[in-house]
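Structure, as structure tokens:
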Amino acid sequence: ECRIDSIAQSWAVLSGAADSLRAATAMASLERYLIRSGDKLALLFTPPFDKTPLDPGYIKGYPPGLRENGGQYSHAAMWAILAFAKQCAGDKARDLFTLLNPINHARTPDEAERYKVEPYVVAADIYSVAPHVGRGGWTWYTGSAGWMHRAGVEGILGIRREGDFLVVAPCIPSAWPGFEATVTLGGAACRIEVRAIGEGEELYSVLDGVRTPSPDRSTRIPLNGESHNLLMSI
């Protein structure tokens with residue numbers, strides 16, 4: 001019971017504590033054992049606690065497969081998106097984001113009957129064991145919604161604030177031609193345009209007309225009260 005836990009796998013990557021080989025193994029194991037694409041679930045851990053004589057705490061008070069006890073707990077699922085993005089696995093980050101998107105759990109009457117909760121807000125958890133597979137619980141959960149927003153904006157689009165800088169480090173899916181975004185902070189606008197280029201082409205950024213190489217696919221925009229324009233080719 002609880003042989004693999006999504007949080008440990010994702011945070012091996014997010015913390016930077018694991019070397020690249022072990023981090024890759026961690027995320028491959030997460031994909032293999034915890035993402036159930038057919039059920040549209042990304043489990044917190046598996047198998048659920050059920051008959052163990054040990055005491056893992058209050059989590060065992062939930063029936064197997066419900067809430068934190070081996071269901072999908074959305075915080076952890078969003079961290080997995082961020083971990084894929086940190087590994088520059090844009091397609092995997094996009095696929096998991098799509099799987100977790102609540103609207104994709106209620107596209108048909110049958111799906112809506114299984115999901116049973118609102119498809120326009122994020123649910124904190126989704127059950128994983130019959131007869132409740134795919135049923136959502138505890139919706140309108142601001143923690144899960146906040147992490148999903150961060151997974152999309154900071155992970156896939158790669159836009160995040162670090163102190164006095166706006167960092168732009170996109171990890172977009174291979175099919176995307178790019179994107180445009182405007183971030184307004186303190187009355188100053190940072191206009192961002194990201195373009196996908198072919199393999200082997202030069203990676204570069206043009207910030208306020210000054211072109212520089214960008215081999216790590218990352219650019220820092222100073223937050224100095226002035227507006228800025230950034231073009232990135234990645």
Side-chain angles (χ1 to χ4, degrees), residues 1-15 17-18 22-85 87 89 92-93 95-108 110-119 121-148 150-151 155:
E1 297 176 358
C2 192
R3 289 197 297 267
I4 179 172
D5 187 304
S6 174
I7 296 175
Q9 311 303 110
S10 296
W11 281 92
V13 175
L14 294 174
S15 67
R22 293 176 73 88
T25 300
M27 295 308 293
S29 298
L30 183 152
E31 287 186 88
R32 179 178 179 183
Y33 295 108
L34 296 175
I35 297 179
R36 286 168 31 184
S37 298
D39 292 327
K40 298 180 183 176
L41 292 171
L43 304 183
L44 177 61
F45 61 77
T46 197
F49 290 114
D50 186 13
K51 303 182 185 304
T52 177
L54 304 177
D55 183 11
Y58 84 96
I59 194 171
K60 192 182 174 186
Y62 294 119
L66 271 65
R67 295 188 59 75
E68 292 100 320
N69 191 8
Q72 174 181 299
Y73 205 64
S74 296
H75 280 67
M78 306 310 170
W79 294 335
I81 296 173
L82 288 166
F84 281 130
Q87 290 184 315
K92 292 180 180 181
D95 290 346
L96 185 51
F97 192 95
T98 300
L99 181 145
L100 299 175
N101 188 339
I103 196 66
N104 290 327
H105 289 260
R107 297 171 302 178
T108 67
D110 287 344
E111 288 179 343
E113 178 60 26
R114 181 179 79 156
Y115 193 47
K116 295 186 182 298
V117 293
E118 307 94 327
V121 293
V122 180
D125 54 275
I126 302 177
Y127 306 157
S128 67
V129 171
H132 303 297
V133 174
R135 179 170 181 169
W138 198 358
T139 54
W140 298 95
Y141 192 42
T142 56
S144 296
W147 276 110
M148 189 166 199
R150 292 187 66 177

Under 4.5 Å between any side-chain heavy atoms of M148 and I81, yes or no? no
All pairs passing salt bridge (Lys or Arg N to Asp or Glu O under 4.0 Å) where residues 74-83 contributes a residue, at least two apart: none
I'd like to know whether L44 forms a side-chain contact (heavy atoms from CB on, under 4.5 Å) with H75, so could you lay out the CA-CA distance, the side-chain angles of the two residues, the decisive distance to 0.1 Å, and finally the verdict. CA-CA 9 Å; L44 177 61; H75 280 67; over 6 Å; no
Looking at OG of S10 and CG of L34, how far apart are the two atoms once the value is rounded to the nearest 0.5 Å? 8.5 Å
For the residue pair Y141 and V122, establish whether any side-chain heavy-atom pair is separated by less than 4.5 Å. no
Side-chain touch W147/L82, heavy atoms, less than 4.5 angstrom: yes
If the threshold is 4.0 Å, N to carboxylate O, is there a salt bridge linking E31 and K92? yes
Is the backbone N or O of P47 less than 3.5 Å from a side-chain atom of E1, with the two atoms forming a donor-acceptor pair by type? no
Main-chain N/O of E113 paired with K116 side-chain donor or acceptor, under 3.5 Å: yes
Do Y58 and E68 have side-chain atoms, one donor and one acceptor, less than 3.5 Å apart? yes
Going by the rule side chain to side chain donor-acceptor pair (under 3.5 Å), which residues pair with E118 if we only count those two or more places apart in sequence or in a different chain? T139, W140
Is the number of heavy atoms from other residues, nucleotides or ligands within 6.0 Å of OH (Y33) greater than 12? no
Run the side chain to side chain donor-acceptor pair (under 3.5 Å) test against R67 and tell me which residues pass, sequence neighbours left out. Y62, D125
In short, G137 meets A123 closest at the heavy-atom pair O-CB, 3.6 Å
Looking only at heavy atoms, which two atoms of Y115 and H105 are closest? And how far apart? CB-O, 3.5 Å
For R22, all residues meeting side chain to side chain donor-acceptor pair (under 3.5 Å), sequence neighbours excluded: none
Stepwise side-chain contact (heavy atoms from CB on, under 4.5 Å) check, L14 with W79: CA-CA 8 Å; L14 294 174; W79 294 335; 4.2 Å; yes
Could you tell me whether the side chain of F49 reaches within less than 4.5 Å of the side chain of I59, counting heavy atoms only? yes
Can you name the nearest heavy-atom pair linking K40 to N104, along with the distance? NZ-O, 2.6 Å
Identify, with sequence neighbours excluded, every residue that meets side chain to side chain donor-acceptor pair (under 3.5 Å) alongside K60. none
Show the numbers, then the answer: is there a side-chain contact (heavy atoms from CB on, under 4.5 Å) between T46 and D5? CA-CA 7 Å; T46 197; D5 187 304; over 6 Å; no
Closest approach of Q9 to A26 (non-hydrogen atoms, all atoms of both residues): NE2-O, 3.0 Å
If you look at every heavy atom in D39 and R114, which pair is closest and at what distance? O-NH2, 3.4 Å
For a side chain to side chain contact (heavy atoms under 4.5 Å, CB included) with F45, tell me which candidate from N69, I7, I4 qualifies. N69
Apply side-chain contact (heavy atoms from CB on, under 4.5 Å) to residues L100 and M78 and explain how you reach the verdict. CA-CA 8 Å; L100 299 175; M78 306 310 170; 3.7 Å; yes
From Y73 atom OH to S144 atom OG, the distance as rounded to the nearest 0.5 Å: 6.5 Å
If the condition is side chain to side chain contact (heavy atoms under 4.5 Å, CB included), which residues does S128 pass it with, not counting sequence neighbours? R36, L41, L43
Closest heavy-atom contact between S6 and A76? OG-O, 3.8 Å
